[in-house]
K.L.:
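Dropping the structure in here first, questions after.
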Amino acid sequence: MTTYSLHITLYDVAFLAAIFTGLTFSLLLWFTKNINFIANRFLAIAVLIIVLWMAWVLGNSIGLDVYVPHWSRLPFRFSLALGPFIYFYVLKITQPGYKLRLTDLLHFIPLLLQQCILAWGIGDNISVATYYTPIFRQLGLILNMAAFISVLTYLYISFRLIESYYQQLKFNNVNDRYRNQMRWLSRLIRAFGLLWLLWLPYTATDYFYFHYQLGMQAYYPLYLLLAGMMIWIAATAHSKPGSSVMVQASPVFKTPVSAELRQKGAWLRKVIEANRYYEDAELNLTSLAEKLGLTVHELSRIINVALKKNFNDFINEYRVAEVICKMLDPAFAHITLLGIALESGFNSKSSFNRIFKQLTGKSPAEYKNEPQKEFPSYNLRRHAQFARVISKHETTTKWSSPKLNRSYMFKNYFKIAWRNITRHQSYSAINVAGLAVGIAACLLIFVVVQYELSFDTYQPGYKSTYRIVTKKEREGNIRYSAGISTPAVDAFRLYYPQAVVAGINAIYGSQIVAQANGSPAGDKKFVENTGIMFAEPQLFDIFSATWLAGSASALRDPDMVVIDKSSAIKYFGNWQ
């Protein structure tokens, strides 16, 4: 049997999991299209910075710098860019209309200086607690403190942006449900800042008590906590569908509406009804403005001032009205409520139930089960005729009920799955790729484990067969070798008489095998590169073999050899 030593710790596995998870959410945030996709891309870069940092730490932990020259010099450390990207993410969330300027690049000047230092090799391995010269220690401390102060400063500014956003909502008397939608970000930024403060006790302990002898391994729990919190922020941001309330956070309800603005409001309603833009699940203020040939500000002003609504409520009213029309129409009786909701522009079951109940006061199922229902209080100026709710479809075509239910059930499942794939192509591609990689990894692990566990299992007594391994320790290094000295074999026979012991001596390398003069095949020499093994006769009492010629007693006689069929043909021309 062969013994393998895996130099991978639990920390390495945790780092690898954090890298894979962080990279997945970074790709999801970058490619998923929603109203906050620009802000999400800033957050995706921030998560990627954490991923690169974890990759750098993992590479040094498993000794990747031994196989990849100058691995520790690669520019994987962008700690001075983490704060600015978090800041720009919060800025675009709270102020979507903010336009980035060239002056914003000034935030990344410290990052440029950091990369220059790393490129010159001055800060090589500055995270490691041991340094070669005092200047390395001082520069390492300066860069670490700069990163510490930078992230804390930008987190504080981001927190103030969120507070300012809430003050603006409060001042403009916006609906209370919008005042809580950013609390998750405020809490997670506060938690990330508290974790970031743990740098102080770590650094102080390492500097004053251990004199930079603590080692990078002591920082691993902190790295994992920070990475986990950043991934948590990314996952929460990706799960949020995005809201356009930030764009129209200040609707001017008391502003007098001009006749021109009223005409634009009526025109907007007609265009939305005629083109059915609300059926697009990815519709947002920006995409609708592009379709209508308006600016985002102008469209927001028409919705807020002329229609006295915000964008979400304006579009969701049309979607709810479309759902009501279809649920009361017998032609759509074979489609589930979720299927109707997806056809009407909703992108999830939870948002559909929440918005429907918010606008009608009842859940979709309750609304459908009441036969006669007045139209909701808002008037969408749609002139559709609504029928009664049909609880028993006696007027439909008479099909077999089990066949009808089965066919439509599976058909609707496939239809919903296909719609989700086509509407969220990047998200679906990442999910499918991740699933494929996960299945392939599981199959590979299964094959490797099955192969390792099947080693020597073809032997009848493999469960009671053991190999002796010698442990050698020299200058602090431990090595294992298969085999023991020859006197130890006799000692085992003496102390364990009930066991069958067979001594084996293997000679590796190129060996010359020669035939004696007068042999049937003539005088020949063969060079064997696989090695030759000398074994005691008890070998075949332990391992079974099928003998084509001869017997197991061959090793009991001197000058005898045991070879396989192919070797016999090569040496002698036949194997009989």
K.L.:
Is there a side-chain contact between Gln358 and Asn316, using heavy atoms and a 4.5 Å cut-off?
P.N.:
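No, side chains not in contact.
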K.L.:
Please test Lys291 against Asp280 for salt bridge (charged side-chain N to carboxylate O under 4.0 Å, His left out), starting from the C-alpha separation and ending with a verdict.
P.N.:
CA-CA 12 Å; Lys291 293 178 180 179; Asp280 182 8; 3.4 Å; yes
K.L.:
Can you classify the ring geometry of Tyr154 versus Tyr87 as parallel (below 30°), tilted (30 to 60°) or perpendicular (above 60°)?
P.N.:
tilted
K.L.:
Might you work through the salt bridge (charged side-chain N to carboxylate O under 4.0 Å, His left out) test for Arg269 and Glu273, ending with a clear yes or no?
P.N.:
CA-CA 6 Å; Arg269 286 185 178 278; Glu273 294 175 12; 5.4 Å; no
K.L.:
Who passes side-chain hydrogen bond (donor to acceptor under 3.5 Å, both in side chains) against Asn284, sequence neighbours left out?
P.N.:
Ser287
K.L.:
Hey, does Leu292 have a side-chain heavy atom less than 4.5 Å from the side chain of Tyr277?
P.N.:
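Result yes, sub-4.5 Å side-chain heavy-atom pair found.
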K.L.:
Is there a donor-acceptor contact under 3.5 Å linking the side chains of Ser150 and Thr153?
P.N.:
no
K.L.:
Tell me, do Arg276 and Glu322 make a side-chain contact under 4.5 Å, heavy atoms counted?
P.N.:
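Result yes, sub-4.5 Å side-chain heavy-atom pair found.
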K.L.:
Just wondering, are more than 12 heavy atoms of other shown residues or ligands nearer than 6.0 Å to OH in Tyr156?
P.N.:
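12 or below, so no.
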K.L.:
Any side-chain heavy-atom pair from Ile335 and Phe332 closer than 4.5 angstrom?
P.N.:
yes
K.L.:
Determine the minimum heavy-atom distance between Ile231 and Gly22, stating which atoms define it.
P.N.:
CD1-N, 3.8 Å
K.L.:
Quick one: CZ on Phe25 to CG on Asn40, what's the gap to the nearest 0.5 Å?
P.N.:
12.0 Å
K.L.:
Would you sort out whether Trp53 and Tyr223 count as a ring-ring contact (aromatic ring centres under 6.0 Å, His included), showing the intermediate values?
P.N.:
CA-CA 9 Å; Trp53 170 261; Tyr223 295 160; 5.4 Å; yes
K.L.:
For the side chain of Asp329 and the backbone of Cys325, is there at least one donor-acceptor N/O pair under 3.5 Å apart?
P.N.:
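No, the answer is negative, given that no donor and acceptor are paired below the 3.5 Å cut-off.
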K.L.:
Apply side-chain contact (heavy atoms from CB on, under 4.5 Å) to Leu359 and Glu317, showing your working.
P.N.:
CA-CA 7 Å; Leu359 294 181; Glu317 286 176 357; 4.1 Å; yes
K.L.:
Is the ring centre of Phe15 less than 6.0 Å from the ring centre of Phe20?
P.N.:
no
K.L.:
For residues 339-346, which side-chain N or O atoms pair as donor and acceptor with protein atoms under 3.5 Å away, sequence neighbours left out?
P.N.:
residue	atom	partner	partner atom	Å
Glu343	OE2	Arg419	NH2	2.6
Ser344	OG	Ile340	O	2.8

K.L.:
With distance as the sole test, does Lys349 use its side chain to make a donor-acceptor pair with the main-chain N or O of Leu338 at under 3.5 Å?
P.N.:
no
K.L.:
Do the non-hydrogen side-chain atoms of Glu279 and Tyr318 ever get within less than 4.5 Å of each other?
P.N.:
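Sidechains of Tyr318 and Glu279: no contact.
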K.L.:
Any side-chain to backbone donor/acceptor pair from Asp104 onto Leu100? Under 3.5 Å, distance only.
P.N.:
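Side chain of Asp104 to backbone of Leu100: no pair is present.
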K.L.:
Apply side-chain contact (heavy atoms from CB on, under 4.5 Å) to the pair Ile355 and Val320, showing each step before the final yes or no.
P.N.:
CA-CA 8 Å; Ile355 294 171; Val320 170; 4.1 Å; yes
K.L.:
side-chain contact (heavy atoms from CB on, under 4.5 Å) between Lys264 and Arg301: does it pass, once the steps are laid out?
P.N.:
CA-CA 10 Å; Lys264 290 183 177 180; Arg301 185 167 177 268; 5.9 Å; no
K.L.:
Testing the basics here: between Leu195 and Leu222, what is the closest heavy-atom pair and its distance to 0.1 Å?
P.N.:
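Of all heavy-atom pairs spanning Leu195 and Leu222, the closest is O-CD1, 3.7 Å.
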K.L.:
Under 3.5 Å, is there a donor-acceptor pair between the side chain of Thr422 and the main chain of Trp418?
P.N.:
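Yes; at least one donor-acceptor contact below 3.5 Å.
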K.L.:
Would you call Tyr11 and Leu224 a side-chain contact if the rule is heavy atoms closer than 4.5 Å?
P.N.:
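Yes. Closest side-chain heavy atoms under 4.5 Å.
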K.L.:
Could you please spell out the steps behind the side-chain contact (heavy atoms from CB on, under 4.5 Å) verdict for Thr32 and Phe37?
P.N.:
CA-CA 7 Å; Thr32 302; Phe37 77 96; over 6 Å; no
K.L.:
Between the main-chain N or O of Tyr165 and the side-chain N or O of Thr94, is there a donor-acceptor pair closer than 3.5 Å?
P.N.:
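Looks like no, no N/O pair under 3.5 Å.
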K.L.:
So does Trp199 have more than 12 non-hydrogen atoms from other groups sitting under 6.0 Å from CH2?
P.N.:
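Yes - once you tally the heavy atoms of other residues, nucleotides and ligands closer than 6.0 Å, there are more than 12.
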K.L.:
Could you tell me whether the side chain of Thr21 and the main chain of Ala18 form a donor-acceptor pair under 3.5 Å?
P.N.:
no
K.L.:
Determine whether a donor-acceptor pair (N or O, by modelled atom type, separation under 3.5 Å) exists between the side chain of Trp196 and the backbone of Phe148.
P.N.:
yes
K.L.:
Does a side-chain heavy-atom distance below 4.5 Å link Met230 with Leu43?
P.N.:
yes
K.L.:
Got a second to check how far His238's NE2 is from Leu27's CG, nearest 0.5 Å?
P.N.:
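The distance works out to 10.5 Å.
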K.L.:
Does Asn304 reach the main-chain N or O of Ser300 with its side chain, forming a donor-acceptor pair under 3.5 Å?
P.N.:
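Yes; at least one donor-acceptor contact below 3.5 Å.
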K.L.:
Working to the nearest 0.5 angstrom, can you tell me the gap between Thr236 OG1 and Leu185 CG?
P.N.:
9.5 Å
K.L.:
To the nearest 0.5 Å, what is the distance between CG (Leu268) and CG (Leu294)?
P.N.:
8.0 Å
K.L.:
Hey, what do you get for OG (Ser186) to CZ (Phe159), rounding to the nearest 0.5 Å?
P.N.:
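Nearest 0.5 Å value for the OG-CZ distance: 4.0 Å.
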K.L.:
Please report the shortest heavy-atom distance between Gly193 and Leu155, naming the atom on each side.
P.N.:
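Heavy atoms only, the tightest pair is CA-CD1, 3.6 Å.
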K.L.:
Give a yes or no on whether the backbone of Ala306 and the side-chain of Arg262 come within a donor-acceptor separation of less than 3.5 Å.
P.N.:
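It does not hold such a pair.
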K.L.:
Is it true that, when you exclude Lys357 itself, more than 12 heavy atoms of the residues, nucleotides or ligands shown sit nearer than 6.0 Å to its NZ?
P.N.:
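No - once you tally the heavy atoms of other residues, nucleotides and ligands closer than 6.0 Å, there are 12 at most.
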K.L.:
Do Phe88 and Ile45 have side chains that get closer than 4.5 Å, going by heavy atoms?
P.N.:
no
K.L.:
May I ask you to decide if the ring planes of Phe42 and Phe85 are parallel, tilted or perpendicular, using 30° and 60° as cut-offs?
P.N.:
tilted
K.L.:
Can you tell me how far CG of Leu111 sits from CG of Leu82, rounded to the nearest 0.5 angstrom?
P.N.:
11.0 Å
